[in-house]
Amino acid sequence: KGVIFMNWQQKIMHLIGQPIGISFMNGQGTSGVLCDAYDGELYVMEYLYQSQFALKHYEYQTIRDINPFPHCQQRLY
């Protein structure tokens, strides 16, 4: 069984520790800090509520793309 290398996988090592957005094959999405990637899964720290966070993991085959958060624009006031 071969592993299909997707273009977004080339971004992973550059984005460890950074906030990212993830789009899934099913059309949904999520965001959080990319903590790690191994054994065919991304590990992402996501905010839940109040002061609670959760480390979640997503299998590569469920992911369509990942993107870094853009930089904030300068304040307009």
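Residues take their numbers from the sequence shown, with the count starting at 1.
Judged as a salt bridge (charged side-chain N to carboxylate O under 4.0 Å, His left out), and not counting sequence neighbours, Asp36 has no contacts. Applying the ring-ring contact (aromatic ring centres under 6.0 Å, His included) test to Tyr43 and every residue at least two apart in sequence or in another chain returns Tyr38, His57. Under the salt bridge (charged side-chain N to carboxylate O under 4.0 Å, His left out) criterion, Glu41 pairs with no residue, sequence neighbours left out. Glu59 is linked by a side-chain hydrogen bond (donor to acceptor under 3.5 Å, both in side chains) to Gln61, counting only residues two or more places apart in sequence or in another chain. Listed by chain and number, the residues in a side chain to side chain contact (heavy atoms under 4.5 Å, CB included) with Gln73 amount to none (sequence neighbours excluded). With sequence neighbours excluded, the residues that form a side chain to side chain contact (heavy atoms under 4.5 Å, CB included) with Ile12 are Trp8, Gln9, Ile16, Leu34, Ala37, Leu42, Tyr60, Ile66. With sequence neighbours left out, Asn26 forms a side-chain hydrogen bond (donor to acceptor under 3.5 Å, both in side chains) with Gln28. Here Ser31 pairs with nothing under the side-chain hydrogen bond (donor to acceptor under 3.5 Å, both in side chains) rule; sequence neighbours left out. Take Phe69 and apply the ring-ring contact (aromatic ring centres under 6.0 Å, His included) test, not counting sequence neighbours, and it matches no residue.
Put simply, the side chain of Arg64 reaches to within 4.5 Å of the side chain of Ser23, judged on heavy atoms.
For residues 20-29, no residue pair satisfies the salt bridge (Lys or Arg N to Asp or Glu O under 4.0 Å) rule, not counting sequence neighbours. Applying the salt bridge (Lys or Arg N to Asp or Glu O under 4.0 Å) rule to pairs touching residues 48-58 yields Glu46-Lys56, sequence neighbours excluded. Within the structure, every pair that satisfies the salt bridge (Lys or Arg N to Asp or Glu O under 4.0 Å) test and touches residues 9-30, not counting sequence neighbours, is listed here: Lys11-Asp65.
For the atom pair Tyr58 OH and Ile22 CD1, the distance stands at 6.0 Å (nearest 0.5 Å). To the nearest 0.5 Å, atom SG of residue Cys35 and atom CE of residue Met45 are 4.5 Å apart.
Taken together through direct or relayed side-chain contacts under 4.5 Å among Ile, Leu, Val, Met, Phe, Trp and Tyr, Leu15 and Leu55 form parts of separate hydrophobic clusters.
The shortest non-hydrogen separation linking Leu48 to Ala54 is CD1-CB, 3.8 Å. When all heavy atoms of His14 and Gln10 are compared, the closest pair comes out as CD2-O, 3.7 Å.
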